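Note that the structure is predicted; figures quoted are calculated from it, not measured. Just the heavy atoms: all of them, side chains too, but no hydrogens, waters or symmetry mates, feed the values below.
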Amino acid sequence: MTMELTEEGPRNTMITLRQTCDTAEERDMAEQGSGMLLDGLTAFLADGAKA
């Protein structure tokens, strides 16, 4: 798995995840897991913005 962070302005960063999977099932599981991690990161960053 690789992750690329691209700055898109002083307060915006695009996150790109790439992962090679052997099967559609592995792909679906990886997509679900990555989505959960990104959702958690989004919530964490949103809480930090409120502080």
Side-chain angles (χ1 to χ4, degrees):
M1 176 184 283
T2 61
M3 179 177 70
E4 181 180 323
L5 302 172
T6 305
E7 186 176 343
E8 294 193 335
R11 295 183 53 89
N12 294 309
T13 302
M14 178 184 287
I15 300 172
T16 305
L17 296 175
R18 290 186 177 86
Q19 183 171 353
T20 302
C21 300
D22 292 328
T23 66
E25 182 180 12
E26 285 180 7
R27 180 203 62 222
D28 293 345
M29 290 173 52
E31 184 177 4
Q32 182 179 13
S34 296
M36 289 172 41
L37 291 172
L38 290 172
D39 288 346
L41 176 59
T42 299
F44 173 79
L45 294 173
D47 286 345
K50 294 175 187 174

L17 reachable from M36 in the ILVMFWY side-chain graph, under 4.5 Å edges: no
Single-linkage hydrophobic cluster, 4.5 Å side-chain cutoff, L5 and F44 together: yes
Rounded distance (nearest 0.5 Å) linking atom CG of L37 with atom CE of M3: 10.5 Å
Sole candidate of M1, E31, R27 that passes side-chain contact (heavy atoms from CB on, under 4.5 Å) when paired with Q19: M1
Residue pair L38, I15: steps toward the side chain to side chain contact (heavy atoms under 4.5 Å, CB included) verdict: CA-CA 9 Å; L38 290 172; I15 300 172; 4.2 Å; yes
Over 12 foreign heavy atoms within 6.0 Å of CD, E8: yes
From R18 atom CZ to E4 atom CD, the distance as rounded to the nearest 0.5 Å: 5.5 Å
Spacing of CG belonging to L41 relative to OG belonging to S34, to within rounding of 0.5 Å: 12.0 Å
